There are 2 protein chains.
Amino acid sequence: MSTRATIADVALLAGVHPGTVSRALNQKTESQVNPGTVVRVRRAAKQLGYTPNSIARGLRTSSSLTIGVIIPDLTNPIFPPIVRGIDSYLAPRGYSALIVNTDGNDDTERLLFESLVQRQVDGFIFATGHSGHALATEAYERGIRAVMVNRDSGGVPYPAVVGDDAQGIRAALVHLFGLGHRRVAHLTGPPTFSTSRVRAEAFAAVCAELGISSEVVPTAAYSVDEGQRATDQILESSSRAPTAIVAGNDLLALGAYHSLRLHGLRCPEDVSVVGFNDMPFAGDFQPAMTTVRAPHFELGAESARLLLNQIENSALTALKVVLPVQLIVRSSTAPPP
Amino acid sequence: MSTRATIADVALLAGVHPGTVSRALNQKTESQVNPGTVVRVRRAAKQLGYTPNSIARGLRTSSSLTIGVIIPDLTNPIFPPIVRGIDSYLAPRGYSALIVNTDGNDDTERLLFESLVQRQVDGFIFATGHSGHALATEAYERGIRAVMVNRDSGGVPYPAVVGDDAQGIRAALVHLFGLGHRRVAHLTGPPTFSTSRVRAEAFAAVCAELGISSEVVPTAAYSVDEGQRATDQILESSSRAPTAIVAGNDLLALGAYHSLRLHGLRCPEDVSVVGFNDMPFAGDFQPAMTTVRAPHFELGAESARLLLNQIENSALTALKVVLPVQLIVRSSTAPPP
DNA sequence: ATTCAATCTGCAATCGATTGCATTCTGTGG
DNA sequence: CCACAGAATGCAATCGATTGCAGATTGAAT
């Protein structure tokens, strides 16, 4: 790399002291320096193509303008929108997101967390539903700023930004009930995820309320394979198979599609399926998936907002923000046979 | 944040000079210090929970162990696998990726590029097909290390890592030809993308070779909407509509699905469709999409490898790496009516 | 015992920007 | 014409780690 211009070069060219250059080029301190000088410094800076070295600045100010974002897996389609939401709030404010994938592995998570701390990130956004609990507690005790997105805080006093899962499950069940379904199964994600528990509890509660006979089948992961396996289990064991399945997320629902197909059952004619999240292209599946849309982009943006609010204003922030969800009815639900 | 331990604290506790601590804790310089001292320093470091401040290190060594990754849009499903591939190579080597989205906007791209330069990234991975040309040229002249992924280098002597697009198009056409298709249309992406041009040229060449009557319809973006619009155009204008469509990517193919459906045509019975990329869940579309699988994860990993090779060894690297692609036949192709 | 080489460690400069404090300069009022 | 407030700028320490160089220590060889 050809050596970049430093603040000293600009100072030399503008005929002022480096300190003055620093002040002239900085929003907050600009008022401390003579307007004429500011112009001269700006010109010099432009002429030399000067851009501040943010590592040096970071060292002095002990802030990196960087946020660590910890997600399980970027290729899980709900995360890109969340990340973009985060970025949409951070970027205009000069912050960048450092995104890491844990693949659901706690050791990896801890390792990556430490490496981000080393990089002096100014705060964290945790999107890992899984455990992480101990880590979050520890982070909190270390005085690290953070926000949870798409999961609850699990007792740690970090703010959490979540979709209204209970409401989503309710909407799904009311929709199915309205179509005439009275036997519904729920594919619930791993109980270590807070979202799984919230959804499963809402499912049980609403079924009881509506008088729907219910069945809850746990899965080991929010994956297509597990959805398929769990649906296999339902179809092969139940004496009276359910007429509809509410899946904990769209991937599980997709697995249910696969299982139904392999069992020679049609969706929605024989069994209705409802997903959760409205992942990209959910409307292009076979059949187009009825699902609960969670506002992932907004969840991300809001979590970034809360975090920056903490960091820049040391402001107290809401401990929980719940964003509304919406049932998107497509073609995977129909009256029971 | 409770103030972190610095190298000086460790030095104090271990009863040695900070310089010695630095050497003791560093792989490459560890041999310069007495093994006994190393142990003492290590113990002291552990006791204090010391982790080096990588900003300070970065300032001194003028390297940030950070790579800038410039992509158009993370929510475009081909990018997450690329990013994960990049990360899979970087992370074990202590590097992190700083990912930014341009949304295809040149001004945004330039802005983000500069902000990453400011952050002292050690190199760039460009995944933006669009123009970027001028930017890449400029970056090269500034002595900045970079690699192109999923696009050619457009004359700039940066290495490029791409899939074998021509071979993929050939495979698609041979498949269609074998099914009996003799009139095939191609939905080509924006000509500013190198991938569009390569695919369109291969399409023309192979059609000529096989004696297929061809038609090429340009689109303004690799999007579902544009795919639909272009397909509308084909269906509404051609006197003799094609019996198959080869789309420039899966999104365009999805748009073709929509258009066909709205025109009362069935896929694959009336018109076959082939996509490109094999994006996640392409097999779950309606109908399951026949498409060319590009090895996105590997493209990402390989591009990271080339970049680090440049950075760490200043080694000359291959200027072009072409990875094989594979036609995945599913249910969107069938013999012509 | 002396010299010399090899090891190990300390010293201090350095990376580039920020910032509290001191100093200089300006214009105003007495 | 002097004093002085206030603005503008300069000075130098600082952030935390790295590293070339020099000094100290050790042991071996003569």
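A quick note: this is a predicted structure, and the numbers were derived from the prediction, not measured. The sequence lines fix the lettering, A, B, ..., with proteins before strands; numbering per chain opens at 1.
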Engineer: Taking any heavy-atom pair under 4.0 Å as a contact, classify Ser63(B): base, sugar-phosphate, or nothing.
Structural biologist: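 Nothing, no heavy atom under 4.0 Å.
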Engineer: Please determine whether any donor N or O and acceptor N or O are separated by less than 3.5 Å between the side chain of Arg60(B) and the base of dG20(D).
Structural biologist: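 Checked by distance alone, the answer is no.
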Engineer: Mind checking Thr29(A) for me? I need base, sugar-phosphate or nothing, with any heavy atom below 4.0 Å counting as a touch.
Structural biologist: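 Nothing, no nucleic acid heavy atom in range.
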Engineer: Find the distance Ile55(A):CD1 to dA17(D):P and express it as a whole number of Å.
Structural biologist: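 Answer to the nearest Å: 14 Å.
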Engineer: Considering heavy-atom distances to DNA chain C, does Arg57(A) or Val38(B) have its closest nucleotide positioned more toward the 5' end?
Structural biologist: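 On the 5' side of the pair lies Val38(B).
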Engineer: Starting from the 5' end of DNA chain C, give me the residue, Ser62(B) or Val33(B), whose nearest nucleotide shows up first.
Structural biologist: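 That would be Val33(B).
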Engineer: Looking only at side-chain N and O atoms, does Asn26(B) come under 4.0 Å of OP1 or OP2 in dT18(D)?
Structural biologist: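 Yes, because at least one side-chain N or O of Asn26(B) sits under 4.0 Å from OP1 or OP2 of dT18(D).
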Engineer: For atom CZ of Arg43(A), is the number of surrounding heavy atoms from other residues, nucleotides or ligands below 6.0 Å larger than 12?
Structural biologist: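 Check fails, neighbour count at 12 or below.
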Engineer: Nearest whole angstrom, please: distance from the C1' of dA24(D) to the CD of Gln32(B).
Structural biologist: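 Answer to the nearest Å: 16 Å.
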Engineer: What's the CD-P distance between Glu30(A) and dA8(D), to the nearest Å?
Structural biologist: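 After rounding, the reported distance stands at 12 Å.
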Engineer: Whole angstroms only, please: what is the CG-C1' distance between Leu12(B) and dG16(D)?
Structural biologist: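 Distance check: Leu12(B) CG to dG16(D) C1' gives 15 Å.
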Engineer: Ring centres of Tyr95(B) and Tyr89(B) under 6.0 Å apart?
Structural biologist: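 When the ring centroids of Tyr95(B) and Tyr89(B) are compared, they turn out to be at least 6.0 Å apart.
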Engineer: In this structure, how many angstroms lie between the P atom of dA17(C) and the CD atom of Gln120(B), rounded?
Structural biologist: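 Atom CD in Gln120(B) sits about 9 Å away from atom P in dA17(C).
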Engineer: Figure out the CD1/C1' separation between Ile7(A) and dT9(D), and round it to whole Å.
Structural biologist: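 Whole-Å distance recorded here is 14 Å.
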Engineer: Checking salt bridge (charged side-chain N to carboxylate O under 4.0 Å, His left out) for the pair Arg142(A)/Glu114(A): CA distance, chi angles, key distance, verdict?
Structural biologist: CA-CA 12 Å; Arg142(A) 284 214 245 163; Glu114(A) 290 299 342; 2.4 Å; yes
Engineer: Let me know the distance between CG of Asn34(B) and C1' of dA24(D), rounded to the nearest Å.
Structural biologist: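 Atom-to-atom, Asn34(B) to dA24(D), this comes out as 14 Å.
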Engineer: Quick one: which of dT9(D), dA17(C), dA17(D) gets closest to the side chain of Ala56(B)?
Structural biologist: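 The answer is dA17(D).
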Engineer: Nearest whole Å is fine: how far is dA17(C) P from Lys28(A) NZ?
Structural biologist: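 One finds 17 Å between P of dA17(C) and NZ of Lys28(A), rounded.
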Engineer: For a quick check of understanding: with a heavy-atom distance under 4.0 Å over all strands, which category does Thr61(B) fall into, base, sugar-phosphate or nothing?
Structural biologist: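 Result for Thr61(B) = sugar-phosphate.
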Engineer: Any base atoms under 4.0 Å from Thr6(A), or only sugar-phosphate, or nothing? Heavy atoms, all strands.
Structural biologist: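 Here Thr6(A) touches the backbone only, sparing every base.
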Engineer: If the plane angle is over 60° it's perpendicular, under 30° parallel, otherwise tilted; pick one for Phe126(B) and Tyr158(B).
Structural biologist: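 Geometry flag for Tyr158(B) against Phe126(B): tilted rings.
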Engineer: Would you tell me if any nitrogen or oxygen in the side chain of Thr20(B) comes within less than 4.0 Å of OP1 or OP2 on dT9(C)?
Structural biologist: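 No, no such contact exists.
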Engineer: If the threshold is 4.0 Å, N to carboxylate O, is there a salt bridge linking Asp9(B) and Arg4(B)?
Structural biologist: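 Looking at Arg4(B) together with Asp9(B), the answer is no, because their closest N to O distance does not fall below 4.0 Å.
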Engineer: By nearest atom, which of the nucleotides dA17(D), dC11(C), dC8(C) is closest to the Pro35(B) side chain?
Structural biologist: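 Nearest to the side-chain atoms of Pro35(B), counting from C-beta on, is dC8(C).
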Engineer: Indicate, with a heavy-atom threshold strictly under 4.0 Å, whether Val16(B) touches base, sugar-phosphate, or nothing.
Structural biologist: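 Contact class for Val16(B): sugar-phosphate only.
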Engineer: Between dA17(D) and Tyr50(B), is there an OP1 or OP2 to side-chain N/O distance shorter than 4.0 Å?
Structural biologist: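 Checking Tyr50(B) against dA17(D): at least one side-chain N or O falls below 4.0 Å of OP1 or OP2.
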Engineer: With distance as the sole criterion, do the side chain of Arg23(B) and the base of dG10(C) form a donor-acceptor contact below 3.5 Å?
Structural biologist: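 It does, because a donor-acceptor pair links the side chain of Arg23(B) to the base of dG10(C) below 3.5 Å.
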Engineer: For Thr37(B), answer base if it contacts any base atom (sugar-phosphate contacts may also be present), sugar-phosphate if it contacts only those atoms, and nothing otherwise; contact means non-hydrogen atoms under 4.0 Å.
Structural biologist: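 Result for Thr37(B) = sugar-phosphate.
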Engineer: Tell me whether the count of non-hydrogen atoms from other residues, nucleotides or ligands lying under 6.0 Å of CZ in Phe297(A) goes above 12.
Structural biologist: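 It does: Phe297(A) CZ has more than 12 such atoms within range.
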Engineer: Where the side chain of Leu59(B) is concerned, which of dT18(C), dA12(C), dC15(C) is the nearest nucleotide?
Structural biologist: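 Of dT18(C), dA12(C), dC15(C), dC15(C) is nearest to the side chain of Leu59(B).
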